[in-house]
Amino acid sequence: MQASTNLLREEKEKNIYFNESHDAFVKHIESELLTTKGNQLILISLVDEWGKENILNDTFFEHITKYNSPQLSYISFDFHEYCKGLQFGNVLTLLQLLDKNNIFREMHFCWINTEKNIVLSDQTSLFRINCVDCLDRTNVVQAAIAKTILEIMLKKISLLDLDEGGLNDHARNIFQTMWADNGDAISRQYAGTDAMKNNL
C-alpha cells in the first residue's frame with residue numbers, strides 16, 4: 001500500500017512540474033513564433049536519446065505534442081550517436097533530412113531591393129536548436145545550417161553558380177573563420193574558454 005501511495009505522489013509531482021514547465025515552454029515558443037511572423041518554427045533536438053539526457057528529450061517531445069501546433073516542425077537528431085568518433089561530417093544526414101522535407105526551400109530569406117525600396121522575399125521560418133551544453137553541438141549544427149542557407153542565398157542572387165557544389169575555398173575559409181570566432185565568443189561568455197569544436 002505504501003509503495004502505491006508513493007508512486008501516486010511521485011506521479012502527481014511529475015505532473016505539477018510538467019505543467020509548470022509547459023507554461024514556460026508555451027511562453028518561449030510563442031515568443032519565438034512572433035519573430036517568424038506566425039509562420040514556421042523548426043525545432044531541432046541534439047539531445048541524446050538514451051542515458052541521462054533522454055528524460056530531457058522525452059519531456060521536450062511531450063511539450064511539443066501537448067502544444068500541438070502546425071507551426072512547429074520537430075526533428076530529433078542524437079548528435080552523439082550520429083557523430084560519435086568525431087565524425088562531424090555526419091551532420092550531413094540532418095541537412096539531407098531538412099532538404100528532403102523542403103524546409104530550406106520553404107523558409108525563404110529576407111531580400112530587399114534597396115534601389116526600389118521593396119521587399120522581394122521575407123524569411124518565414126526560424127531554427128531553434130535544443131541541446132544540453134548549448135555550445136559545441138549546437139555550434140556545429142548551426143554552422144552547417146548557416147552554410148547551407150548562405151549557399152542558397154548566393155545562388156538566388158547569382159553570386160554562386162547553380163551547378164557549383166558550394167562555396168569556393170576562399171569563401172569557405174572566410175565563413176569558417178567567422179563562425180569559429182563567433183563560437184569562441186559565445187563559449188567565452190558561457191564557459192570562460194574558447195569552443196572545443198571550432199575548426200570544423
Side-chain angles (χ1 to χ4, degrees), residues 28 31-32 35-36 40-49 51-53 56-57 60 73-101 103-112 121-200:
H28 175 71
S31 170
E32 294 287 303
T35 63
T36 68
Q40 194 70 19
L41 183 60
I42 299 106
L43 306 170
I44 300 176
S45 175
L46 305 179
V47 175
D48 295 345
E49 295 175 5
K52 62 183 179 184
E53 290 185 8
L56 296 171
N57 188 55
F60 189 59
S73 294
Y74 174 70
I75 298 166
S76 181
F77 183 79
D78 185 337
F79 185 90
H80 286 145
E81 181 64 28
Y82 278 96
C83 301
K84 63 184 166 190
L86 302 177
Q87 298 298 311
F88 301 119
N90 290 341
V91 170
L92 182 61
T93 304
L94 174 62
L95 298 177
Q96 289 169 338
L97 179 64
L98 294 170
D99 188 48
K100 178 182 168 190
N101 289 308
I103 290 175
F104 290 129
R105 210 172 351 270
E106 293 174 2
M107 75 176 290
H108 307 290
F109 56 90
C110 182
W111 183 8
I112 300 172
S121 176
D122 222 352
Q123 182 175 332
T124 58
S125 301
L126 180 71
F127 287 98
R128 187 211 182 273
I129 311 295
N130 189 49
C131 190
V132 174
D133 50 43
C134 289
L135 295 173
D136 288 325
R137 283 186 266 185
T138 303
N139 197 36
V140 168
V141 170
Q142 286 182 333
I145 290 171
K147 180 179 172 287
T148 300
I149 292 170
L150 176 62
E151 290 168 351
I152 291 168
M153 294 167 89
L154 293 174
K155 287 177 183 179
K156 189 76 172 177
I157 60 175
S158 301
L159 291 177
L160 188 63
D161 190 343
L162 288 173
D163 296 328
E164 286 183 52
L167 301 176
N168 63 35
D169 290 343
H170 179 67
R172 188 172 41 257
N173 287 338
I174 291 171
F175 175 83
Q176 287 174 328
T177 300
M178 177 196 70
W179 203 269
D181 290 347
N182 180 59
D184 286 341
I186 292 170
S187 183
R188 282 191 294 270
Q189 285 180 334
Y190 281 89
T193 63
D194 287 346
M196 292 168 42
K197 298 175 178 80
N198 65 357
N199 59 346
L200 304 176

Does any non-hydrogen side-chain atom of [Y] lie less than 4.5 Å from one of [X]?
| X | Y | value |
| --- | --- | --- |
| I103 | S125 | no |
| I145 | Q142 | no |
| N130 | L43 | no |
| H80 | L46 | no |
| F127 | M107 | yes |
| R188 | D184 | yes |
| V140 | F79 | yes |
| F104 | T148 | yes |

Rounded at 0.5 Å granularity, tell me how far [atom1] in [X] sits from [atom2] in [Y].
| X | Y | atom1 | atom2 | value |
| --- | --- | --- | --- | --- |
| L94 | I44 | CG | CD1 | 5.0 Å |
| I152 | D99 | CD1 | CG | 7.0 Å |
| I75 | S45 | CD1 | OG | 11.0 Å |
| N57 | D48 | CG | CG | 8.5 Å |
| T124 | L41 | OG1 | CG | 11.5 Å |
| N182 | T177 | CG | OG1 | 12.5 Å |

Below 30° counts as parallel, above 60° as perpendicular, anything between as tilted: where do the rings of F77 and Y82 land?
parallel
What is the ring orientation for F175 with W179, classed by angle as parallel under 30°, tilted 30 to 60°, or perpendicular over 60°?
parallel
Run the side-chain contact (heavy atoms from CB on, under 4.5 Å) check on N139 and I186 step by step: do they pass?
CA-CA 10 Å; N139 197 36; I186 292 170; 5.9 Å; no
Before giving the answer on side-chain contact (heavy atoms from CB on, under 4.5 Å), spell out for E32 and H28 the whole-Å C-alpha distance, their side-chain angles and the decisive distance to 0.1 Å.
CA-CA 6 Å; E32 294 287 303; H28 175 71; 3.6 Å; yes
Could you walk me through whether K147 and R172 pass the side-chain contact (heavy atoms from CB on, under 4.5 Å) test, one step at a time?
CA-CA 9 Å; K147 180 179 172 287; R172 188 172 41 257; 4.2 Å; yes
Does this structure show an ion pair linking K155 with E151, if we count only N-O contacts that are shorter than 4.0 Å?
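No, K155 and E151 are not salt-bridged.
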Indicate the atoms forming the closest heavy-atom contact of [X] with [Y], along with that distance.
| X | Y | value |
| --- | --- | --- |
| S73 | Q40 | OG-NE2, 2.5 Å |
| A144 | V91 | CB-CG1, 3.7 Å |
| E106 | H108 | O-CD2, 3.1 Å |

Go through it in stages, so that I can follow the logic: the residues are W111 and I157, the test is side-chain contact (heavy atoms from CB on, under 4.5 Å), and I'd like the CA-CA distance, side-chain angles, deciding distance and then a yes or no.
CA-CA 9 Å; W111 183 8; I157 60 175; 3.4 Å; yes
Does D78 reach the main-chain N or O of E49 with its side chain, forming a donor-acceptor pair under 3.5 Å?
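Yes; judged by distance alone, with no hydrogens or angles, the pair exists.
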Donor-acceptor pair, R137 side chain versus C131 backbone, under 3.5 Å?
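No, because the side chain of R137 does not come within donor-acceptor range (under 3.5 Å) of the backbone of C131.
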